[in-house]
Amino acid sequence: MPELPEVEVTRLSFAHRIAGATIEAVSLGQSLRWPLGIRPEKLLGRRVLAVRRRGKYLLLDLSEGLLLIHLGMSGSLSFASQLPERTKHDHVELRTSLGTLRLNDPRRFGAVVYAQSETSPIARKLLGGLGVEPLSEDFRPENFHAALQQRKSAIKQVLLAGDIVVGVGNIYASEALFLAGIRPTLAAHRISRPRAARLHAAVREVLARAVEKGGSTLRDFSNAQGENGYFQLEAMVYGRAGLPCKVCGTTIRLIKQGQRSTFYCPACQK
DNA sequence: AAAAGCCCCTGGATGC
DNA sequence: TGCATCCAGGGGCTTT
C-alpha cells in the first residue's frame, strides 16, 4: 500500500497528537520483517518527541533513541485514546499517555525497529542508501538528470529503486511517467535534460497532489485517524489496463517490469 | 557498481 | 463449496 504520500498522510494524521507522550506499555504480536532490536520494557518511560519521515520510513524520535517504522505492502497505523479490540494482524502496540499507536500489517513485510541514533548500524543499513527527498529543495532537475545518466535500466525501475529519489512506488511511478510523457521502458540514460526536468516536475506534482488527496486507498489503506485516501480516483493510468486513456482515448497497456505491473499509454508516452 | 531474480507473507478475486 | 492459481502499495539479499 504505502508509498510516500500514504506514509506522509499517516504522519500528518498523528504526529501532532502523539508529540510529548510518555510510553507506558509495549506489546508485540507476530514477528515482522525485523526484530524490534530492544527489550520492550526498556522503552517504558521514554517520551515521543516528534514524528518525521524519511522516504517510506516514519521516524519516531524518542527522548532516547528512535523507532523506525515501515509499513511494507499492507501496513497501516492507528492512533487513538480508545482503539477497537486487537485482531490477529495487530503486531505492535505502543500505549502512551496520549493514546495508543498500533501497527496492523496482514502480510508482515513491515517493521518497527529501534535505533540508538540515526547513525547506528541498523539505522545506516535501513536509511543509508536512500536517495533524495522528492519534495525537498535538494531534489533538483540538474542533479536528477546527472544521476539518470549513470543508469542503463528502464526508468520505471530506476524510480522504484529509491536510491536516486525516494518515495516513488508502483502507483506513482506509472503516474509520474504518464504525466511526463515518458515510456516506462525507456533506458534512464537515454532521457534528455529537458525530459528529465519534466519528469522531475511530474514526480513532485503527482506526490504532492496525492498527499493533498489523502493518499490512495486501493484496498485497505487508511491514515492513523482511520480516514481513507482518494487519489486513486484520479489516477491516469494505474489500474486502468484496457480502458481508454483519459487524454487521447488510446487503450492503456499493462506490462511487467521486474515482476511488477506497469501501466502506460502507448500514444501519450514515448 | 549496477542489474536482475528471489523471497519474505496473507488474503482477496477468479477460474474450474 | 472446495481447491488451485494469480495478484497486491516494498525492498533487502544474493547472484551475475
Side-chain angles (χ1 to χ4, degrees), chain A residues 1-11 29-35 37 53-58 68-77 87-92 103-113 121-131 146-176 184-190 206-207 210-211 213-223 228-235 237-242 254-263:
Chain A
M1 116 218 176
E3 305 181 34
L4 181 150
E6 290 74 31
V7 177
E8 179 63 8
V9 162
T10 297
R11 188 184 75 81
Q30 285 181 278
S31 66
L32 295 167
R33 179 156 195 174
W34 294 293
R53 182 188 55 73
R54 178 73 179 98
K56 297 172 187 168
Y57 285 90
L58 286 175
L68 310 181
I69 301 179
H70 199 289
L71 302 178
M73 287 280 268
S74 59
S76 62
L77 290 176
T87 64
K88 63 172 175 175
H89 295 311
D90 295 327
H91 304 304
V92 179
L103 173 68
N104 179 276
D105 185 3
R107 293 178 71 181
R108 294 194 280 129
F109 290 168
V112 177
V113 175
I122 185 68
R124 294 182 91 98
K125 180 176 95 165
L126 299 183
L127 307 176
L130 297 183
L148 295 184
Q149 289 301 109
Q150 309 301 119
R151 305 286 281 269
K152 293 184 179 171
S153 43
I155 182 60
K156 158 82 171 349
Q157 297 184 258
V158 170
L159 286 177
L160 279 191
D163 52 350
I164 293 179
V165 57
V166 292
V168 182
N170 210 39
I171 299 177
Y172 301 111
S174 282
E175 291 300 309
T185 50
L186 185 61
H189 69 118
R190 289 244 166 87
V206 80
L207 294 178
V211 171
K213 301 300 285 185
S216 295
T217 297
L218 259 44
R219 18 168 60 85
D220 51 13
F221 170 74
S222 64
N223 69 29
N228 290 341
Y230 295 94
F231 182 84
Q232 72 283 1
L233 300 176
E234 48 190 78
V237 289
Y238 186 86
R240 302 195 67 249
L254 165 60
I255 59 172
K256 290 287 178 188
Q257 291 182 285
Q259 298 123 263
R260 313 206 55 192
S261 294
T262 301
F263 301 85

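Just so we're on the same page: letters track the sequence lines, and every chain starts at 1.
- To the nearest whole angstrom, the two P atoms, one in dC9(B) and one in dC3(C), are 23 Å apart.
- Between the NE2 atom of H91(A) and the P atom of dC9(B) there is a distance of 12 Å, rounded to whole Å.
- Residue contacts for T217(A): at a heavy-atom cut-off of 4.0 Å it reaches a base atom on one of the strands shown.
- In this structure, CD in Q232(A) is found 10.5 Å from CZ in F221(A), a value given to the nearest 0.5 Å.
- The interatomic distance linking I164(A) (CD1) with dA2(B) (P) rounds to 9 Å, in whole Å.
- The partner of dC8(B) is dG10(C), judged by Watson-Crick or G-U wobble contacts that both fall below 3.5 Å.
- Following rounding to the nearest Å, L4(A) (CG) and dG10(C) (P) show an atom-to-atom distance of 11 Å.
- Remark: H70(A) is in phosphate contact with dG11(C), judged by side-chain N or O atoms under 4.0 Å from OP1 or OP2.
- Counting only heavy atoms from C-beta on, R107(A) has its side chain closest to dT10(B) among dT10(B), dG12(C), dG10(C).
- Applying the 4.0 Å criterion to OP1 and OP2 of dT10(B), one finds that R108(A) has a side-chain N or O inside that range.
- At least one donor-acceptor pair closer than 3.5 Å links the side chain of S174(A) to the backbone N or O of F263(A).
- Across the protein-nucleic acid pair, Q257(A) atom CD and dG10(C) atom P stand 14 Å apart, rounded to whole Å.
- Between P2(A) and G75(A), the shortest heavy-atom distance links the atoms CG-O, 4.2 Å.
- The side chain of F109(A) lies closest to dC8(B), out of dG11(B), dC7(C), dC8(B).
- In this structure, CZ in R54(A) is found 12.0 Å from CG in L68(A), a value given to the nearest 0.5 Å.
- If you measure from atom CG of L130(A) to atom P of dG12(C), you get 7 Å, rounded to the nearest angstrom.
- Put simply, K88(A) has a side-chain N or O that comes within less than 4.0 Å of OP1 or OP2 on dG11(B).
- OP1 or OP2 of dG12(C) has at least one side-chain nitrogen or oxygen of Y57(A) nearer than 4.0 Å.
- Ranking dG11(C), dG12(C), dA8(C) by closeness to the K56(A) side chain, first place goes to dG11(C).
- Note that CG of N104(A) and OG1 of T87(A) are 5.0 Å apart. Values are rounded to the nearest 0.5 Å.
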Worked check of side chain to side chain contact (heavy atoms under 4.5 Å, CB included) between Y172(A) and L4(A): CA-CA 9 Å; Y172(A) 301 111; L4(A) 181 150; over 6 Å; no

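- Comparing dG10(C), dA8(C), dG11(B) against the side chain of N170(A) picks out dG10(C) as the nearest.
- Nearest heavy-atom pair across I171(A) and S216(A) is CD1-CB, 4.0 Å.
- Atom CZ in R54(A) sits about 15 Å away from atom C1' in dG11(C), given to the nearest Å.
- Listed pair S74(A) / dT10(B) fails the phosphate criterion, with no side-chain N or O lying under 4.0 Å from OP1 or OP2.
- In this structure, K256(A) atom NZ and dG5(B) atom C1' are separated by 15 Å, rounded to whole Å.
- Between Q257(A) atom CD and T262(A) atom OG1 the span is 3.5 Å, to the nearest 0.5 Å.
- Atom NZ in K125(A) sits roughly 14 Å away from atom P in dG11(C) (whole-Å rounding).
- In this structure, D163(A) and Q259(A) both approach DNA chain B, and ranking their closest nucleotides by distance from the 5' end singles out D163(A).
- Looking at residues 146-158 of chain A, you'll see R151(A), K152(A), S153(A) sit with a heavy atom under 4.0 Å from some atom of DNA chain B.
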